[in-house]
Amino acid sequence: MKAMGTDPRILSLAAEVAISPEQNVPVILLKLKEIINNTPFGSSELKKVKQDIYCYDLIRYCLLVLSQDCSRIQGGWTTISQLTQILSHCCVGLEPGEDAEEFYNELLPSAAENFLVLGRQLQTCFINAAKGEEKDALLHFFEIVTDSLFWLLGGHVQLIQNVLRSDHFLHLLQTDNVQVGSTVMTMLQNILQISRSKRTKMLLKLSRQKEEEDRRLQLQLQRQRAMRLSRELRLSMLEIVHPGQVEKHNREIEEKSALIIQKHWRGYRERKNFCQQRPSLVEYKAAVTLQRAALKFLAKCRKKKKLFAPWQGLRELTDACRVELKQQVDDYIRRHPGSEVSGVINRELHSQAQERLQHYFMGRALEERAQQHREALTARINTNIEQLMKAPSLKEAEGKEPELFLSRSRPVAAKAKQAHLNTLKHIQAPWWKKLGEEARDEIDIPKDELSIELGTLFIGGTKPP
């Protein structure tokens, strides 16, 4: 089986394996590790690389190399341990396609069996080794092989049963060495955890299937009961209805049934359309919100730009207009030449201009303060007028309400004092003097004559005597 669009690295590696002698094939196969490591983990590209490796039978080459004698392989246990890693990583996550039965029933069991055989050989070499450095290296290779086997079992859980039943695995468990035994027991614990998780998943799956089946049966029973009740009700109605009205009754029932079906169908259709349109509605609302915020921000930017740069030049002035204006300015300067002024006069004019500018700016500051004072007085007068308009009369005033009639403005206080004097004079005058007089005419009266009355009234803006 040859895949379309094969990775050129896999193609060149397969060609090199085909033309190379047998003793060089294991070293050439180690290049697969670099190809796998340089491909992103979990990506579709890695799946395609694994399919190409399987299509060009490079996995079978790895199995054949692992089944050979270790002494005949170039690199010894180092090469073998790396090949076990390559084989386990290539088999996990691989989609064999048309050759799925051969892959799952032949290739994977043989790979697991080869890993166990290699582990048993490493166990024997480790026990027979005399040097400490050699023991450490063999133990490291043994751990690599067991990790590769565990990785293979994690990707294909159906191999756990074959491994646990294997004689080689039982031989690994019967070792007397502490280091090898601890490594094997760790692998066994991990395998059992995988088996438990698989069993748990299977039980959950079966329970969900059973719940779905029970739910389906309950729905089916409910439908059957509803249909039976409907038919019984229909038969009872037919017994009651006159034979001549049976056809009319059936037609009415059919119309009601059609209306009910249409109602439910339209509701389902509208709900489905709403669910389909909800993302677009959310996007539309988000776009509207963003546009509103952007327009507000741009409006603020334009407003600030106008405040800090009120004049930006003539926008629609073309180059021809600029040339024409420059020519007019040159003609005016040529017709009205300026008089030559000495440097002393220029300095005097400059100093005079500076003094005038300083005087202007100082006067402008005083004028601004005066304008602010006038505005404050105007606001105070308006406030006082508003308070007086809303205040109750003096007869009805109680508590602190008379304080509303006080004013801190001297013009207002003077006007109020004059009005009070006029009112007192008019009240104290004899009746015959009031004949022919209008109530609103102002009559002058000396202030000394009414000192007693004025002393009893406090006028805002003045101090009491």
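One is the number of the first residue; the rest follow in order along the sequence.
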Practice problem: Check the angle between the aromatic planes of Trp151 and His89 and answer parallel, tilted or perpendicular using the 30° and 60° thresholds. | Solution: parallel
Self-check item: Donor-acceptor contact below 3.5 Å, side chain Lys263 vs main chain Ala258
Solution: no
Quiz item: Using 4.0 Å as the upper bound for N to carboxylate O, is an ion pair formed by Glu113 and Arg120?
Solution: no
Quiz item: Is the CG atom of Asn105 crowded by more than 12 outside heavy atoms at less than 6.0 Å?
Solution: yes
Self-check item: Pairwise distance CZ(Phe274) to CG(Leu281) - rounded to 0.5 angstrom
Solution: 6.5 Å
Self-check item: Close side-chain approach of Gln328 and Leu325, heavy atoms under 4.5 Å
Solution: yes
Practice problem: Evaluate the side-chain proximity of Glu102 to Leu107: yes if any heavy-atom separation is below 4.5 Å, no if none is. | Solution: no
Quiz item: Within a reach of under 6.0 Å around CD of Gln224, are more than 12 heavy atoms found that belong to other residues, nucleotides or ligands?
Solution: yes
Quiz item: Counting only heavy atoms not in Arg269, do more than 12 fall under 6.0 Å of its CZ?
Solution: yes
Quiz prompt | Check: Met227 main-chain N/O paired with Ser230 side-chain donor or acceptor under 3.5 Å | solution = no
Quiz item: Do Leu164 and Leu188 come close enough that some side-chain heavy atom pair is under 4.5 Å?
Solution: yes
Practice problem: Please check if any side-chain donor atom of Gln123 sits under 3.5 Å from a side-chain acceptor atom of Thr175, or the reverse. | Solution: yes
Quiz item: When you look at CD of Glu247, are more than 12 heavy atoms from neighbouring residues, nucleotides or ligands closer to it than 6.0 Å?
Solution: no
Practice problem: Might you point out which heavy atoms bring Cys90 and Ile53 nearest each other, and give the distance in Å? | Solution: SG-CD1, 3.8 Å
Exercise. Look up atom CD1 in Ile144 and atom CG in Leu149, then write down how far apart they are to the nearest 0.5 Å.
Key: 14.0 Å
Quiz item: Nearest 0.5 Å, what's the CZ-CD1 distance between Phe150 and Ile191?
Solution: 7.5 Å
Quiz prompt | Check: Tyr54 and Pro96 side chains under 4.5 Å, non-hydrogen atoms | solution = yes
Quiz item: Salt-bridged, Arg322 to Asp319, with N to O below 4.0 Å?
Solution: yes
Quiz item: How long is the gap from CG on Leu11 to OH on Tyr56, to the nearest 0.5 Å?
Solution: 4.5 Å
Without placing hydrogens or testing angles, list every side-chain donor-acceptor pair under 3.5 Å for residues 365-373, not counting sequence neighbours.
{"from": "Gln371", "atom 1": "OE1", "to": "Arg374", "atom 2": "NE", "distance (Å)": "3.4"}
{"from": "Gln371", "atom 1": "OE1", "to": "Arg374", "atom 2": "NH2", "distance (Å)": "2.5"}
{"from": "Gln371", "atom 1": "NE2", "to": "Glu375", "atom 2": "OE2", "distance (Å)": "3.3"}

Quiz item: Between atom CG of Leu94 and atom NZ of Lys47, what is the distance when rounded to the nearest 0.5 Å?
Solution: 10.5 Å
Quiz item: Would you say the side chains of Gln85 and Lys33 form a donor-acceptor pair under 3.5 Å?
Solution: yes
Quiz item: How many angstroms lie between CD in Gln121 and NE2 in His168, if you round to the nearest 0.5 Å?
Solution: 9.0 Å
Quiz item: Would you say the side chain of Leu29 lies within less than 4.5 Å of the side chain of Leu32, judging by non-hydrogen atoms?
Solution: yes
Exercise. Report yes if the side chains of Arg72 and Glu22 come closer than 4.5 Å at any heavy-atom pair, otherwise no.
Key: yes
Quiz item: Going by an N to O cut-off under 4.0 Å, is there a salt bridge joining Asp52 and Lys48?
Solution: yes
Practice problem: Begin from the C-alpha positions of Arg9 and Glu34 and carry the test salt bridge (charged side-chain N to carboxylate O under 4.0 Å, His left out) through to its verdict. | Solution: CA-CA 11 Å; Arg9 299 173 296 178; Glu34 182 179 359; over 6 Å; no
Exercise. Might you work through the side-chain contact (heavy atoms from CB on, under 4.5 Å) test for Phe103 and His156, ending with a clear yes or no?
Key: CA-CA 11 Å; Phe103 175 75; His156 302 281; 4.0 Å; yes
Practice problem: Report the residue from Gln209, Arg216, Arg215 that forms a side chain to side chain donor-acceptor pair (under 3.5 Å) with Glu213. | Solution: Arg216
Quiz item: Backbone N or O of Leu259 within a donor-acceptor pair of the His264 side chain at under 3.5 Å?
Solution: no
Quiz prompt | Within-4.5 Å side-chain heavy-atom neighbours: Leu108 and Cys91 | solution = yes
Quiz item: Is the centre of the Phe126 ring less than 6.0 Å from the centre of the Phe141 ring?
Solution: no
Practice problem: Would you please test Asn162 and Ser166 for side-chain contact (heavy atoms from CB on, under 4.5 Å) and show each step? | Solution: CA-CA 6 Å; Asn162 297 338; Ser166 175; over 6 Å; no
Quiz item: Would the number of heavy atoms belonging to other residues, nucleotides or ligands and lying under 6.0 Å from CD of Gln327 be above 12?
Solution: no
Self-check item: Full working for side-chain contact (heavy atoms from CB on, under 4.5 Å) between Asn273 and Gln276
Solution: CA-CA 5 Å; Asn273 293 336; Gln276 292 177 354; 4.1 Å; yes
Self-check item: Within 6.0 angstrom of Gln23 CD, more than 12 heavy atoms from elsewhere
Solution: yes
Practice problem: Under the side-chain contact (heavy atoms from CB on, under 4.5 Å) rule, collect the residues that match up with Val27, sequence neighbours excluded. | Solution: Gln74
Quiz item: For Glu133, does the CD atom have more than 12 heavy-atom neighbours from other residues, nucleotides or ligands under 6.0 Å away?
Solution: no
